[in-house]
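See below for the structure under consideration.
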Amino acid sequence: MAEVKIPAVARTEFGKGAARRARRAGLVPAVLYGHGADPVHVSLPGHETLLALRVANALLSISVDGSTPQLALPKQVQRNPVKGSIEHVDLLIVKRGEKVSVEVPLVVLGADDRADRIVVMDQQTITLEAEATHIPAAVEIDVISLEIGDSIAAKDLNLPDGAVFPGEPDDLILSIVAAKTQEQLDAELDASVAGSGDEDAARAKAAADSE
């Protein structure tokens, strides 16, 4: 994964008021920590940070006030629930060659090629241990050749070189189940409608009995 260079400036003001002022100025409050160093409070350029963090586990090269850049990974990103803008970032300092534990997205290939089956995902991401400078953007799973009743466990995944899954090999990732026919869907809809009618009738009877 390519490094994204982000310039940062040290923060000297703290608290909610200072954070709001920083955001109005187009900056993102952040904390840089790890490897036994004291946490460093910084401000990051908002637009550049937003673009960089569109990629999961983006590897950032952070230079604080022009100092020697440090590699860091975003460990916690707080976003505005309405605007989607980034409000705060916790950045973990990493070293080249160091292994880190990260959540990597799972991407399913070929899921739309067979209309008679559905892919049921037991998890959307997987925890991997990988070198900080070689974190995969995603783990792809090709299901085109799978049949109904087949499943994929962690041990079946094709992991990138150097990446290791620390969990149980038999942990279920996904399974293939038969898609419901139109007749089955219609029958479920009819049953739901009938059930609603029975509930309405019961409520009407209870109301009448109470009068």
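- For Asp65, the CG atom sits in a packed shell: over 12 heavy atoms of surrounding residues, nucleotides or ligands are nearer than 6.0 Å.
- Arg11 has its side chain within reach of Pro29: a pair of non-hydrogen atoms, C-beta onward, lies under 4.5 Å apart.
- Under the side-chain hydrogen bond (donor to acceptor under 3.5 Å, both in side chains) rule, His35 has a single partner from Gln70, Glu98, Lys95, which is Glu98.
- Closest non-hydrogen pair, Glu147 versus Asp150, comes out as N-OD2, 2.7 Å.
- Smallest separation of non-hydrogen atoms from Val104 and Pro136: CG1-O, 3.7 Å.
- In this structure, CD1 on Ile126 lies 7.5 Å from CD1 on Ile141, to the nearest 0.5 angstrom.
- Here Leu92 contributes atom CG and Tyr33 contributes atom OH; the two are 5.0 Å apart, rounded to the nearest 0.5 Å.
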Exercise. Show your working on side chain to side chain contact (heavy atoms under 4.5 Å, CB included) between Phe165 and Leu159 and close with a plain yes or no.
Key: CA-CA 8 Å; Phe165 175 65; Leu159 298 180; 4.1 Å; yes

Quiz item: Ile144 and Leu109: side chain to side chain contact (heavy atoms under 4.5 Å, CB included), yes or no, with the steps?
Solution: CA-CA 7 Å; Ile144 187 62; Leu109 305 177; over 6 Å; no

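- Heavy atoms from other residues, nucleotides or ligands lying under 6.0 Å from CG of Asn80 number more than 12.
- Tracing side-chain contacts under 4.5 Å through hydrophobic residues (I, L, V, M, F, W, Y), one never reaches Leu73 starting from Ile86; they form parts of separate clusters.
- Paired with Val94 under the rule side-chain contact (heavy atoms from CB on, under 4.5 Å), one option of Thr133, Leu60, Ile135, Val100 passes, and it is Val100.
- Cluster annotation: Leu128 is connected to Val108 through the hydrophobic network of ILVMFWY side chains, with a link wherever side-chain heavy atoms come within less than 4.5 Å.
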Practice problem: List the steps and the verdict of side chain to side chain contact (heavy atoms under 4.5 Å, CB included) for Arg117 and Val143. | Solution: CA-CA 11 Å; Arg117 61 206 59 188; Val143 300; over 6 Å; no

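- Here the shortest heavy-atom pairing between Ser101 and Lys75 reads O-NZ, 3.4 Å.
- Atom NE2 of His134 sits about 10.0 Å away from atom CG of Leu59, to the nearest 0.5 Å.
- The shortest non-hydrogen separation linking Ala153 to Ile173 is C-CG1, 3.7 Å.
- Hydrophobic clustering (ILVMFWY, side-chain heavy atoms < 4.5 Å, transitive): Val139 and Val119 are in one cluster.
- Taking CG of Leu106 as the reference point, atom CG of Leu174 lies at 8.0 Å (rounded to 0.5 Å).
- Criterion: ILVMFWY side-chain heavy atoms under 4.5 Å apart, direct or through other members. Under it, Leu91 and Leu27 are not part of a common hydrophobic cluster.
- Side chains of Thr127 and Glu103: a donor-acceptor N/O pair is present below 3.5 angstrom, by distance only.
- Separating the CZ atom in Arg79 from the CG atom in Leu53 is a distance of 6.0 Å, to the nearest 0.5 Å.
- When all heavy atoms are compared, the tightest approach of Val4 to Ala52 is CG1-CB, 3.8 Å.
- Ile62 and Val31 fall into different hydrophobic clusters, defined by Ile, Leu, Val, Met, Phe, Trp and Tyr side-chain heavy atoms under 4.5 Å apart, directly or through other members.
- Using a 4.5 Å heavy-atom threshold, the side chains of Ser85 and Leu50 count as separate.
- Remark: Ile148 CD1 to Ser175 OG distance equals 11.5 Å, nearest 0.5 Å.
- Closest approach of Val89 to Pro74, counting heavy atoms only: CG1-CB, 4.3 Å.
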